[in-house]
Peer 1: 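One structure follows; several queries about it will come next.
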Amino acid sequence: MKLDGISSFVAVAEAGSISEAARSLRLSKSVVSERLGELERSVGAKLLHRTTRRLSVTEDGAAFLERARRILREVEEASADLSERRGTLAGLMRIAAPITFAHLHLGPALYRFLAAHPQIELTLDLDDRRVDIASGAYDGVIRHGVIDDSRLMVWRLAPSRRLLVASDDYLARHGMPHSIAELDGHRGIFYTNRGVADWRFLGPEGAEIVRAKVALRVNNGAMILDAALAGLGIALLPTFIAGPLIRSGGLRVVDVGIRPEGEAIFLAHPEGRRPSAKLRALADYLRRAFGDPPYWEEGVSIQAPA
């Protein structure tokens, strides 16, 4: 069994086509096909269904795929360890992150990190949906919120505060609520990846969930910000998204007397798998870049400018 056959199989399985895999591997289709055939002969099983219209992984292929990824990861980590012993950070790294946070804050910090470590080859997947990091497809996942998966180890990168916000236009038409009870009569803009139960506040007896009328459900933070700015309703947004408009007065903070539940920006990796030196270095770098309190909190108070 050859390593290049394993890498070709993983590339084809993830790309869904030999052509796409060949492009990513910078090989010809014939070479990739030859390597796949040799691998199937060596393991004694058909790993892929191939037709003229589609390609899919067989049952045996699906069972082999997870271990194949692990083999490639172990080889890459072994190579990276040798580089780290020589005092350099090098090798492949794959990270997933939410779209809006990546555009606003992760990217600028990440570009400086990569410029300082040019031998790291990073793949960054942006998706607001929660990916299954325990599957082994990622070295780490950056997320905003709360982690409740026991299969993961979590590094806290920065605290995150969320505030209720609305435009002056919306508040002029519907009034300013002053308690969570008054929110029931208002229109809310909700993040679909969390659901309408996302509006959680810390009351004297613990968490209280508020459900306003639904004006819009959307799975992207930047769109929630745009909808709030357009006067569609009240939104519960992290300050890393809403901070600039709160500071400028474009959005008003809605103070209902109790604060929304606190959260964090974190980097998670699979439990039981030793994180690479480059992943640890990235976590340390991002902590310093974001700060505690994070830089996006500067000038954001409960009372928005008049």
Side-chain angles (χ1 to χ4, degrees), residues 98-101 103-105 128-130 143-148 158-266 292-306:
I99 297 169
T100 305
F101 181 76
H103 278 297
L104 295 176
H105 304 288
D128 284 341
R129 292 173 297 178
R130 291 187 178 271
R143 278 290 177 262
H144 168 246
V146 178
I147 267 288
D148 55 4
S160 178
R161 183 167 60 127
R162 295 194 298 163
L163 297 171
L164 287 171
V165 294
S167 69
D168 283 331
D169 174 64
Y170 174 84
L171 295 173
R173 287 183 285 114
H174 298 275
M176 171 71 83
H178 297 286
S179 68
I180 59 172
E182 292 180 24
L183 287 174
D184 289 343
H186 281 266
R187 291 165 59 80
I189 306 163
F190 294 96
Y191 186 49
T192 52
N193 288 351
R194 293 171 180 256
V196 293
D198 178 45
W199 285 21
R200 296 169 62 88
F201 295 80
L202 293 176
E205 298 181 2
E208 296 186 41
I209 297 174
V210 176
R211 291 177 172 84
K213 297 175 184 177
V214 176
L216 175 68
R217 296 185 183 98
V218 63
N219 66 345
N220 179 263
M223 288 288 293
I224 294 175
L225 183 72
D226 289 344
L229 195 59
L232 194 64
I234 297 175
L236 180 59
L237 281 168
T239 54
F240 68 75
I241 293 177
L245 281 167
I246 293 173
R247 285 190 289 268
S248 69
L251 287 174
R252 295 274 303 279
V253 176
V254 176
D255 183 6
V256 292
I258 60 175
R259 67 184 187 276
E261 201 169 49
E263 297 189 336
I265 307 294
F266 57 85
D292 190 1
Y295 66 83
W296 55 76
E297 283 284 339
E298 185 177 349
V300 178
S301 63
I302 292 296
Q303 292 300 322

Peer 1: Counting distance only, does the side-chain N/O of Asp198 pair as donor-acceptor with the main-chain N or O of Tyr191 below 3.5 Å?
Peer 2: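 Flag not set: sc Asp198 to bb Tyr191 has no pair under 3.5 Å.
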
Peer 1: Identify the heavy atoms of Thr100 and Asp128 that sit nearest to each other, and give their distance.
Peer 2: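 Here Thr100 and Asp128 meet closest at N-OD1, 4.4 Å.
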
Peer 1: If every non-hydrogen atom of Glu297 is compared with every non-hydrogen atom of Thr239, which pair is closest and at what distance?
Peer 2: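 Scanning both residues, the minimum pair turns out to be OE2-OG1, 2.6 Å.
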
Peer 1: Begin with the C-alpha distance, continue with both residues' side-chain angles, and end with the deciding distance and a verdict on side-chain contact (heavy atoms from CB on, under 4.5 Å) for Tyr170 and Val254.
Peer 2: CA-CA 11 Å; Tyr170 174 84; Val254 176; over 6 Å; no

Peer 1: Got a list of side-chain donor-acceptor pairs under 3.5 Å for residues 222-235, not counting sequence neighbours?
Peer 2:
none

Peer 1: In terms of relative ring orientation, are His105 and Phe240 parallel, tilted or perpendicular, with 30° and 60° separating the classes?
Peer 2: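 The arrangement is perpendicular - the two ring planes meet at more than 60°.
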
Peer 1: Please lay out, stage by stage, how Ile258 and Leu202 fare under the test side-chain contact (heavy atoms from CB on, under 4.5 Å).
Peer 2: CA-CA 6 Å; Ile258 60 175; Leu202 293 176; over 6 Å; no

Peer 1: Start with the C-alpha distance between Val300 and Leu163, add both sets of side-chain angles, then the distance that settles side-chain contact (heavy atoms from CB on, under 4.5 Å), and finish with yes or no.
Peer 2: CA-CA 10 Å; Val300 178; Leu163 297 171; 3.9 Å; yes

Peer 1: To the nearest 0.5 Å, what is the distance between CG on Leu164 and CZ on Phe201?
Peer 2: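 So the CG of Leu164 and the CZ of Phe201 are separated by 4.0 Å.
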
Peer 1: Judged by atom type as modelled, is there a donor-acceptor pair below 3.5 Å linking the side chain of Arg252 to the main-chain atoms of Met176?
Peer 2: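 Checked: no pair found.
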
Peer 1: Over all heavy atoms of both residues, which pair between Pro177 and Glu182 is shortest? Give the atoms and the distance, please.
Peer 2: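 Smallest heavy-atom distance, with atoms named: CA-OE1, 3.3 Å.
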
Peer 1: If the test is salt bridge (Lys or Arg N to Asp or Glu O under 4.0 Å), which one of Arg162, Arg200, Arg161 qualifies with Glu263?
Peer 2: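 Testing each of Arg162, Arg200, Arg161 against Glu263, the sole residue satisfying salt bridge (Lys or Arg N to Asp or Glu O under 4.0 Å) is Arg162.
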
Peer 1: What is the minimum heavy-atom distance between Arg247 and Gly299, and which atoms define it?
Peer 2: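 Here Arg247 and Gly299 meet closest at CG-O, 3.5 Å.
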
Peer 1: Could you grab the distance from atom CD1 of Ile189 to atom CG of Leu236, nearest 0.5 Å is fine?
Peer 2: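 Result: 11.0 Å between the selected atoms.
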
Peer 1: What are the two closest non-hydrogen atoms of Ala242 and Leu237, and how far apart are they?
Peer 2: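 What the structure gives for the nearest pair is CB-CB, 4.0 Å.
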
Peer 1: Which word best sums up how the rings of Trp199 and Phe190 line up, parallel for under 30°, tilted for 30 to 60°, or perpendicular for over 60°?
Peer 2: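 Tilted.
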
Peer 1: On a heavy-atom basis, which atom in Ser160 and which in Pro238 lie closest, and how many Å separate them?
Peer 2: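 So the minimum-distance heavy-atom pair works out to OG-CB, 4.0 Å.
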
Peer 1: Would you indicate whether Glu298, at its atom CD, is surrounded by more than 12 heavy atoms from other residues, nucleotides or ligands within a distance under 6.0 Å?
Peer 2: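 Not buried by this count: 12 neighbours or fewer within 6.0 Å.
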
